[in-house]
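Inspection log for the structure reproduced underneath, given as structure tokens.
Numbered from 1 within each chain, the chains take letters A, B, ... in sequence-line order.
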Amino acid sequence: MAERELAKGYEPHDVEKRWYAEWESKGYFRAAPRSDREPYSIVIPPPNVTGALHMGHALNNTLQDILCRWKRMSGYNVLWMPGTDHAGIATQNVVERQLAAEGKDRHALGRETFIERVWQWKGESGGQIIGQLKRLGASCDWERERFTMDEGLSRAVREVFVRLYDEGLIYRDNRLINWCPRCHTALSDIEVEHEEKTGHLWHLRYPVVGSDRYLVVATTRPETMLGDTAVAVNPADDRYRGLVGGQVLLPLVNRMIPIIADDYVDMEFGTGVVKITPAHDFNDFEVGKRHGLDRINIFDESGVINAAGRQYEGLDRFAARKKVVEDLAEQELLEKIQDHPLALGGCYRCKTVVEPYMSMQWYVKVAPLAEPALAAVREGKTRIVPQQWENTYYDWMENIRDWCISRQIWWGHRIPAWFCDHCGEITVAKEDPASCAFCGSAGIHQETDVLDTWFSSALWPFSTMGWPDRTPELETFYPTSCLVTGFDILFFWVARMMMMGLHFMGEVPFREVYIHALVRDAQGQKMSKSKGNVIDPLTVIDQYGTDAFRFTLAAFAAQGRDIKLAEERIAGYRNFANKVWNAARFALLNLEGFAPDAVSREELNLAEGDKWILHRLNETAREVAEALAAYRFNDAAGALYRFTWSEFCDWYVELSKKDLYGDDPERKLVAQHTLWYTLEHLLRLLHPFMPFITEEIWQALPKQGPTGAIHESPASIMQASYPEYRSDHSFPEAATNMERVMEVIGCIRNIRGEMEVPPGREIAVLLSCGSDTSLTLMKHHEGSIMALARVSDLAIGRGLERHGDAALQVAGDVEILVPLKGLVDVEEEEKRLTKEIAKFDKDIDFLAKKLENPSFVERAPADVVAREREKLAEFANKKRLLEESLVKIGRLR
RNA sequence: GGGCGAAUAGCUCAGCUGGGAGAGCGCCAGCCUUACAAGCUGGAUGUCACAGGUUCGAUCCCUGUUUCGCCCACCA
């Protein structure tokens, strides 16, 4: 018996809410720390606590959920580890903005109060994204949810820091770093985003001391001249040879600075003279080091000119630029200004132009860590899919520079280092020390800097599983099976997890990395708030339902290409969900009184149509499994879409009506069984992609009773097994036969359509078969042909007399004749025949030429040649029949 | 300056290891056929960016060109 009736159309909202709550409360998402089942594990890329679900998250988590649900149904002990990232700078910014709105700032609050305030914010409005992931259907093991700043993870962070420090892999240094003058913190190299802008090249005149010459320097940043400590030329440059060793008078500040020679200077560029500002330019810093130049820092931490900038003190860097240029112009020291393209570096959090800035920072020495991380991918211990990304990974790892890990903000893991006021030594320890480890003085104070957010996320695959303790989780689930992520964090996150995982666990953090595309808008633009082209996943879910949305994402997730998301496509897959829904309604209507456990499939006398759909279902199961195993989500979705709509709904449902509505109880039972079996398996195949609708329908389907041995019946489709290919469901002969029958039906429909015979009008058809095999086959499927092609009078025979007044189509060796009398006019049929003949002519011409070519016949594989010959013969035969028909029809005029 | 990717129907895109190209939407025609009009049936539409090469045969492999997109990079 059907459990309950389904509503007329699929209404996702209530269904989604109901089933998610059920799954979660029943603990279906839970992983077993120990189990006989094979483990499968994925750690979620932890979204920022400040985050709201965007398209990137939606895609990323849909794909992970598909994998997890698929593996879970396939019998694996699945752990999908969820959590969020404290997102240092981003979160601090959010709370600072709040404070600003209240007219406060963090310095007024003080560090401790501020951090309390951030925790409070996190408790109240942080992590809303978790709820949004649930709406997406994510089957994470929520009881294990972690946060990068929670106690366990903080312990892991300290452990790692101390060990790396003890190994000499963490050090401090005073050098140029990327500084965000708005966030007031250092940034690592990859936290700077370069953008092509058109700037200017200012040509400035520096008077040569003891001469009336000028040296003209070209610069993109004239204001930094306040900190110049030399000008440089190429040693091979004849133009300036005599001047090297001399001095110029730095304008405005009237300082004498040397003229030096350095290979770094490109003679071709600009004037061949470069101003050297070691404290504000990475190249100049290096030059300065080689020549022992002073480093004059002219900025404060907000990018405002300091006392070293004399009369410019207090001016913002951009204001200072304007003023410096004006003043130089006034003194006729500005030679010219050219437009000049340049790549401006901006803070990845706030887009402010970053400043190269001298400061003392903490670094990780990465080369020794990168080595094994490179080797692991080269040796295939971790496989990156699509493989092309391996090159990007290698390239970055091979040229990796030390990682600046200290940040001058408050929200984050405070660096576990204590400075001694007495002896000046640094004590680094896991537990807060009471005294200096070197001199024993109690006068110590902790480093105020915190760690880069990515430092803690680098540990995510093992810190979430309880490291540094040796836990059953680590033993079972590390290395994780797969990491699903976007390429935008390949360096930030993936590469660093590889380094840390190998170093601390001695084993790669994941066996495979699947890198998916970026979701763009329909025009291919990156979605961004400023462009206003953002599509909110939650709005989409509200409008079309989660399942339709998920299916759309999967269907678009082709490897190596970005996803341009157009809303019409989601509507298309909403229609698909509705199609599934209605197929289920049809099934339930016709499964009245059917109990799966009352029949054993082995005893059933399957009809050819039954065998065909079972065969196709089986093939589809194989295709889906193969596609998922290769992360070809679009292929898996496509196979399911085609099977569901074009085979199950379009053909099987129609074929089955004859028996379902008929009065032969045996035929009816067989049809019911196949209908039930196919739908039930189809739902399971679809479940990872469309979890909600499949559960809703599945629950309404008739279940096996207590005696049944046919089929397991767990409480949820989530726990049902994922259909696998089975050799006893392979019916290739039935499949071929059905395809022939379908072709004949297609031919009749084509005549009807082309002749514009209304669907309501039943017609007479003659099938003239060229062989006994065809005759038997057509006779066998007489009923189906009549029903599906709307034929009232079907005559089937061998070599039936063809009268002139019939429309003709040919399918294999079967001629399909539709008497025209009273149906259509002769001219229409003549037109149709002429069109068909022309089509064949083209094909025949092509094939004939090919087969006349001796080198093709000699060199192409025999089976290819044979196939082409067969095609040619078939086409020629069809053409002949059509031509005969045309002649006969012509006589009727 | 290096590297990667893309160019296929009006639009958005599939097309795995070479044997004359597919889907969805849109379009045209006909249908309220008792699961579904968010549907059914039929139909039209392509010098697979360009130029060479390899091959019996190229959308697919190779070379070059053009146009877009992305990543990396310290030329002031």
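- Between A:R221 and A:E355 there is a salt bridge, since at least one side-chain N of the basic residue sits less than 4.0 Å from a carboxylate O of the acidic one.
- Using a 4.5 Å heavy-atom cutoff, the side chains of A:K850 and A:E868 are in contact.
- Dashed line: the shortest gap from a side-chain N or O of A:K842 to OP1 or OP2 of B:G20 is not under 4.0 Å.
- RNA chain B is contacted by both A:K835 and A:E11; A:E11 maps to the nucleotide lying nearer its 5′ end (nearest heavy atom per residue).
- Salt bridge absent: A:R317 and A:E223 never bring a charged side-chain N and a carboxylate O closer than 4.0 Å.
- Phosphate proximity of B:G39 to A:N575: present, with a side-chain N or O under 4.0 Å from OP1 or OP2.
- Salt bridge annotation for A:K871-A:E874: absent, with no cationic side-chain nitrogen under 4.0 angstrom from a carboxylate oxygen.
- Not one side-chain nitrogen or oxygen of A:Y631 sits closer than 4.0 Å to the OP1 or OP2 atom of B:C16.
- The shortest distance between the side-chain N/O atoms of A:R859 and the OP1/OP2 oxygens of B:C56 is below 4.0 Å.
- The base of B:U41 does not come close enough to the side chain of A:R749 for any donor and acceptor atom to sit less than 3.5 Å apart.
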- Message: Using the rule given for side-chain contact (heavy atoms from CB on, under 4.5 Å), can you reason through A:I260 versus A:V287, listing the C-alpha separation, both sets of side-chain angles and the distance that settles it, and then say yes or no?
- Response: CA-CA 10 Å; A:I260 60 171; A:V287 174; 3.8 Å; yes
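- Phosphate proximity of B:A76 to A:H340: present, with a side-chain N or O under 4.0 Å from OP1 or OP2.
- Within the 4.0 Å cut-off from OP1 or OP2 of B:C74, at least one side-chain nitrogen or oxygen of A:R401 is found.
- If you measure from atom CZ of A:F487 to atom C1' of B:C72, you get 13 Å, rounded to the nearest angstrom.
- Note: CZ (A:F269) to P (B:C74) measures 16 Å, nearest angstrom.
- In terms of phosphate contacts, A:K871 brings a side-chain nitrogen or oxygen within less than 4.0 Å of OP1 or OP2 of B:G20.
- For B:U67 and B:C74, the C1' atoms lie 30 Å apart once the distance is rounded to whole Å.
- Among the atoms of the strands shown, only primed sugar atoms or phosphate atoms (P, OP1, OP2) are found under 4.0 Å from some heavy atom of A:W645.
- Nucleotides of RNA chain B nearest to A:A571 and A:A587 differ in position, and the one nearer the 5' end is that of A:A587.
- Taking side-chain N and O atoms only, A:N750 has a distance below 4.0 Å to OP1 or OP2 of B:G43.
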